[in-house]
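In the text below, chain A, chain B and the rest are named by the order of the sequence lines, each starting its count at 1. Side chains included, hydrogens not; waters and symmetry mates left out as well; all remaining heavy atoms used. As the structure is a computational prediction, the values presented were derived from the model and not from experiment.
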Amino acid sequence: MHPAFSVIFLTTLIGAGQGLFLALFSGQLYSAVNLLPAQSSGFYITGSIIALVLMVGGLAASFLHLGRPERAWRAASQWRTSWLSREVIILPAVMGLVFVYGVLHFSGWQPDWFGNGMPNQPALIVGAITTLAVFVLYIATAMIYASIKFLQEWASVLTVINYTLLGAASGFTLATALAAWQGAGLTGFYGSWAVILTLVSLITRAASLYRNARIKYKSTVQTAIGMRHSTVVQKAMGMMGGSYNTREYFHGASAAWFRSIKYIFLVLVFPVPLILLWAGLSAASVQVLAVAFVVQYIGLLFERWFFFAQANHPQNLYYQTI
Amino acid sequence: MSQLALVIDLNVCVGCHACVTSCKQWNTSGAAGPLFDENPYGKDPTGTFFNRVQTYEVGNFPNTETIHFPKSCLHCEDAPCVPVCPTGASYKRENDGIVLVDYDKCIGCKYCSWACPYGARELDEKEQVMTKCTLCVDRIYDESLPEAERKPACVMACPTNARLFGDVHDPDSEVSVAIREQGGYQLMPEWGTKPANHYLPRRKTKMHIHEDELVRVDNPLKKEDIRHKTTKDVTLDDWLL
């Protein structure tokens, strides 16, 4: 497939935004039951704004993917069958919920509804709903790709797991830098989870690389044209120049560059941020932690490019030679 | 419930691209406006076509055969492009099974083309909407045309009659009989999309020529007096000078 930068930015930006929200809410939840020190509302407000900015950026990028963005509102209509529709509905919903979550922290309105002295109960309730919506959004985004069964590199539960874990890992790395910057007492908590999520996502992403390297394609040129002979070679694809089919379904990179992207993302997403997280946490340095996030995010751009480029569409069997 | 479809006989397709050009001509002058073309006479010509003829070589030299393989939308009975469409622009008609795109609803997200294993959909780069074979829905129901011409443009244009058109759910239709009697098959059956269009396979044909069919009375221009000596198994090559 030809990776579109709009979709690369969409999936990585909202993934990090969702992960950051998960970090914020888990921090608040732990504080509410006194497992972690309570934070000022300013920390949650800043965090919510950053999460929102990331998701708005992702949404803006997604519009660039559309041929007819002025009709984008129609895309919510087929939620019964299309994962893309489901994503189009749940993404604004998550953004709205994160906004409400931020506003509730900003309002200073802290009623004690349950009479158990827990701080900021409205935000806790909205946060719990948002957390659920965040996971639904991870699933909806990943299922857009995982539900196409003949794109065998994508049609796997690992796609959903990786989208969720990689998004959460980058979000928690960002939360670590944010907590250090805001002087919140959650740096160690977020840092530990960022390390854990990065390590777990390394395992699951490596698993999908392992799986994809061993795929046996169901479609062959024989099934594509129905000729039962072991030697079938395409001699002409019916056009002299290119077409939509030749542009959209091939990444266009050389084999060496394609392979090196895999190693670039494996280095940038996993070991480098882990070292920077460790260094930043030991030195309590905001800059190093921020660099950890930036490096991991850039790595994720390569990771997503590779994810799209690696998928081998069976239609290419019809477009092999000029 | 009918399911209109094309049946393409690979045994007689000669790869002349008449179906491609007639399809382009008919659909580019249709109500939906011209199909995109860029640099038609330049270095990198590109454009939108609903139908393309591709050529494959089967076998190892010298035992090879050339297969000319026309491919357009197969109007799958379980079309994977339809459920993924986020706007409902891509739909399958209940009454005749034709898969169509509503150009006024399409947002150009390309998801349907990803979901088509056959590469039958092409984005119109100028209009930024997805286009595909309509089975000439505007021809086949046009009552101002003589009844014999209410067929897709590609079927009308095919000089070798390699393309049949009809209802594959009607067991007595020309296409159903052809599929049944000549071993019609579907493309990529492994994905369960159940394409409505079928292909008729290449067939082995043999011709026996006996020596007495080549004597002067049947073949007045043949100068058999200068022919080479023939073997018992007479072949055409034996008559070459």
Side-chain angles (χ1 to χ4, degrees), chain A residues 1 4 65-72 74-88 144-145 147-151 218-219 221 223-249 311 313-319, chain B residues 10 15 17 20 39 43-49 52-60 64 66-67 69 71 80 82-89 104-111 113-125 127-130 185-191 199 201-202:
Chain A
M1 299 290 289
H65 188 66
L66 300 183
R68 292 287 198 138
E70 75 278 10
R71 300 175 184 163
R74 287 185 183 274
S77 67
Q78 305 297 309
W79 55 272
R80 280 193 184 85
T81 60
S82 176
W83 281 104
L84 185 52
S85 278
R86 292 170 198 165
E87 190 199 30
V88 164
I144 290 174
Y145 311 106
S147 66
I148 305 179
K149 58 187 169 185
F150 46 78
L151 278 166
K218 272 193 183 179
S219 287
V221 70
T223 69
I225 67 166
M227 292 293 148
R228 292 188 199 144
H229 194 288
S230 52
T231 312
V232 180
V233 181
Q234 186 167 30
K235 292 291 174 186
M237 59 186 182
M239 70 195 86
M240 286 158 66
S243 74
Y244 171 74
N245 304 73
T246 58
R247 290 188 290 268
E248 179 72 8
Y249 296 96
H313 201 290
Q315 78 107 36
N316 289 340
L317 294 169
Y318 298 108
Y319 297 92
Chain B
L10 297 180
H17 291 246
V20 178
N39 296 325
K43 192 161 143 269
D44 289 309
T46 185
T48 307
F49 286 78
R52 298 197 189 261
V53 178
Q54 304 176 327
T55 302
Y56 293 83
E57 187 179 79
V58 178
N60 298 310
T64 56
T66 302
I67 309 293
F69 182 82
K71 176 174 69 75
V82 172
V84 300
C85 177
T87 66
D104 293 333
K105 279 189 187 166
C106 177
I107 56 171
C109 69
K110 305 175 188 167
Y111 196 14
S113 75
W114 293 11
C116 171
Y118 306 102
R121 291 169 164 262
E122 297 190 11
L123 189 82
D124 187 314
E125 312 256 354
E127 292 296 316
Q128 287 293 321
V129 291
M130 196 53 74
Y185 65 87
Q186 298 169 317
L187 305 184
M188 293 187 187
E190 62 271 23
W191 299 116
Y199 286 80
R202 301 276 292 178

Open item on the list: Under a 3.5 Å threshold, yes or no: a donor from one side chain and an acceptor from the other, between A/Y249 and B/S113?
Closed with: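 B/S113 and A/Y249 do have a side-chain donor-acceptor pair below 3.5 Å.
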- [ ] Indicate whether any N or O donor in one side chain lies under 3.5 Å from an N or O acceptor in the other, for A/S82 and B/Y111.
- [x]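 B/Y111 and A/S82 do not have a side-chain donor-acceptor pair below 3.5 Å.
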Heavy-atom distance under 4.5 Å between the side chains of [X] and [Y], does that happen here?
X: A/Y244; Y: B/R121; value: no
X: B/M188; Y: A/L317; value: yes
X: A/M239; Y: B/F49; value: no
X: B/V129; Y: A/R68; value: yes
X: A/M227; Y: B/Y199; value: no

Is it the side chain or the backbone of [X] that comes within 4.5 Å of chain A heavy atoms, both, or neither?
X: B/E127; value: both
X: B/P201; value: neither
X: B/C109; value: both
X: B/V53; value: backbone

TODO: Please check if the side chain of B/D44 supplies one atom and the backbone of A/G241 the other of a donor-acceptor pair under 3.5 Å.
DONE: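 Checking the backbone N and O of A/G241 against the side chain of B/D44, no donor-acceptor pair under 3.5 Å is found.
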Task: Flag, side chain of B/Y185 to backbone of A/I225, donor-acceptor distance under 3.5 Å - done: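 Side chain of B/Y185 to backbone of A/I225: a pair is present.
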TODO: Output the option from A/P314, A/S219, A/S243, A/S230 having the highest count of non-hydrogen pairs under 4.5 Å with chain B.
DONE: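 Option with the top pair count is A/S219.
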Task: Best-contacting candidate, A/A311, A/A72, A/S85, A/A75, against chain B by heavy atom pairs under 4.5 angstrom - done: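 Counting heavy-atom pairs under 4.5 Å, the top option is A/A75.
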Counting heavy-atom pairs under 4.5 Å to chain A, which of [options] comes out on top?
options: B/K110, B/R202, B/H17; result: B/K110
options: B/T64, B/D124, B/T66, B/D104; result: B/D104
options: B/G15, B/C106, B/A120; result: B/C106

Straight-line distance of [X] [atom1] to [Y] [atom2], nearest 0.5 Å:
X: A/Q315; Y: B/K71; atom1: CD; atom2: NZ; value: 7.0 Å
X: B/Q54; Y: A/Q234; atom1: CD; atom2: CD; value: 5.0 Å
X: A/Q78; Y: B/T87; atom1: CD; atom2: OG1; value: 7.0 Å
X: A/K149; Y: B/E190; atom1: NZ; atom2: CD; value: 10.5 Å
X: B/I107; Y: A/R74; atom1: CD1; atom2: CZ; value: 10.0 Å

TODO: Show your reasoning for whether side-chain contact (heavy atoms from CB on, under 4.5 Å) applies to B/K105 and A/R71.
DONE: CA-CA 7 Å; B/K105 279 189 187 166; A/R71 300 175 184 163; over 6 Å; no
Portion of [X] that has a non-hydrogen atom of chain B nearer than 4.5 angstrom:
X: A/E70; answer: neither
X: A/V88; answer: neither
X: A/I148; answer: side chain

Open item on the list: Would you call the rings of A/Y318 and B/Y118 parallel, tilted or perpendicular, taking 30° and 60° as the class edges?
Closed with: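 The arrangement is tilted - the two ring planes meet at 30° to 60°.
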- [ ] Measure the acute angle between the ring planes of B/W114 and A/H65, then classify it against the limits of 30° and 60° as parallel, tilted or perpendicular.
- [x]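 Answer is perpendicular, since the angle exceeds 60°.
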- [ ] For the pair A/R247 and B/E122, find out whether any cationic side-chain nitrogen is under 4.0 Å from an anionic carboxylate oxygen.
- [x]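 Here A/R247 does not pair with B/E122 in a salt bridge, since their nearest N and O are not under 4.0 Å apart.
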Open item on the list: Can you confirm if the NZ or CZ of A/K235 lies within 45° of the ring axis of B/Y56 and under 6.0 Å from the centre of its six-membered ring?
Closed with: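 Relative to the ring axis of B/Y56, which defines the angle, A/K235 lies outside at least one limit.
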